[in-house]
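Notes to accompany the following structure.
The structure displayed is predicted, hence computed values, not measured ones.
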Amino acid sequence: MTRWRNRPEGSTWGDFGPDDRIGRLNLVGPEQVRKGVAEVRDGITFCLSLPLDLPGRAVLNPNRLPPVLRPTLRSGAVGFNCDMTVAFPGATDVMCDDLVVLHTQYSTQWDAFGHAGSHFDADGDGTPERLFYNGWRAGVDVVGPDEPELAGIRSLGRLDGATEGTASASNAGPVDISHMARHGVQGRAVLVDLEAHLGTQRTVVGFESLSRVLDADGIVVEPGDILVLHTGFTRLLADQHGNPDPDSLNVCAVLDGADPDLRNWIRDSGVAAIAADNYAVESFPPDHELRDEPALPLHELCLFRLGVHLGELWWISELAAHLRATGRSRFLLTAPPLRLPGAVGSPATPIATV
């Protein structure tokens, strides 16, 4: 190992090789795909994505904005409802092309490992470094600009190099989302219906509460499974039709990322990834003054220590209703992110097949 001498306690660093980029997705191979396919009985599919212009506005995160669509140009004309005669005299075609400015984690999404790192003394010299999963280093492997002028939506006015593909100002390299996409995300998933047991009131769920739900529904989670949590959050969000009231969003179940028993269960269960229909999967923002601890402890555990991707703001209620009506909890999940090199997150359109 050249990047680190010490690894975080309880982490998987190095377990899948010194240069691993996909973490627990290494557990999702042909056998796990076959297990997922074996859960297909009805041939029914469920789209697990919100429309990507939801939640609406910038209420959940002021730094993540709704998508912006614009038409492209064609021969100097607006390339929307555009007569192809502008480029090819005599043509009868009418064409539309567009571009999108998309905050990759605004709506239904996967988090890449580059989304959340931590300070950790991997060199053993007494000085913590800024690191990401498997010891990949900030400023060396994960690079970004120092100037605020090259960040945020206003920076899009600076597009030198766009034609050549060199206009990007950040690149998460070995911990970007494209590695997840290249591996593929398809296998057996297990749905835990927290709403069915806890309702839609704000509830912070630790290991004890989660265990009661698992036992009540006879759910078994095995290594390589993708854990999917249904809380009802996105259904309540969608009911506000893109104009959410900030005061109405403190609802539904969230995991207690600071609960050591829950953290141990996630580590020991061997889950390959975790997705939920709420914002952040875990309770956020912190409810106490931080003292040398992560603001997002579950993100730190999963993305930094274990190599477990996190999915947020999925649309799950319809699938949950079907599985509960049929007495099932497992299904085939197909949920690749965009193969977008450099990005630390990606929109997704997951499909459940039952």
Query raised in the report: Salt-bridged, D123 to R5, with N to O below 4.0 Å?
Result: no
Report task. Taking only Lys NZ, Arg NE, NH1 and NH2, and the carboxylate oxygens of Asp or Glu, determine whether E129 and R3 approach each other closer than 4.0 Å. Result -> no
**Report entry** F120 and W13 aromatic ring geometry - parallel, tilted or perpendicular at 30°/60° bounds
**Finding:** perpendicular
**Report entry** Neighbour count >12 (heavy atoms, 6.0 Å) for atom CZ, R57
**Finding:** yes
Query raised in the report: Using a distance-only test with no angle check, is there a side-chain donor-acceptor pair under 3.5 angstrom linking S178 and D176?
Result: yes
Query - Pairing of D277 and R235 as salt bridge, 4.0 angstrom limit - result: no
Query raised in the report: Residues two or more places apart in sequence or in another chain: which of them pass ring-ring contact (aromatic ring centres under 6.0 Å, His included) with H322?
Result: F46
Return all side-chain donor-acceptor pairs below 3.5 angstrom for residues 332-354, not counting sequence neighbours, or 'none' if the list is empty.
| residue | atom | partner | partner atom | Å |
| --- | --- | --- | --- | --- |
| T334 | OG1 | Q186 | NE2 | 2.8 |
| S346 | OG | L338 | N | 2.8 |

Report task. Take atom CD of E208 as the centre, draw a 6.0 Å sphere, and report whether it contains more than 12 heavy atoms from other residues, nucleotides or ligands. Result -> no
Query raised in the report: Are R7 and D15 within salt-bridge range, i.e. N to O under 4.0 Å?
Result: yes
Query raised in the report: Taking 4.0 angstrom as the limit, do E282 and R263 come out as a salt bridge?
Result: no
Requested in this report: Taking atom CG of D160 as the centre, report whether more than 12 heavy atoms of other residues, nucleotides or ligands fall under 6.0 Å from it.
Outcome: no
Query raised in the report: Does CD belonging to E293 count more than 12 external heavy atoms closer than 6.0 Å?
Result: yes
Query raised in the report: So L306 and I266, side chain to side chain contact (heavy atoms under 4.5 Å, CB included) or not? Walk me through it.
Result: CA-CA 9 Å; L306 298 180; I266 291 171; 4.1 Å; yes
Query - Lys/Arg-Asp/Glu bridge criterion (N-O < 4.0 Å) met for E39, K35 - result: no
Query raised in the report: Which of parallel (below 30°), tilted (30 to 60°) and perpendicular (above 60°) describes Y133 and F113?
Result: tilted
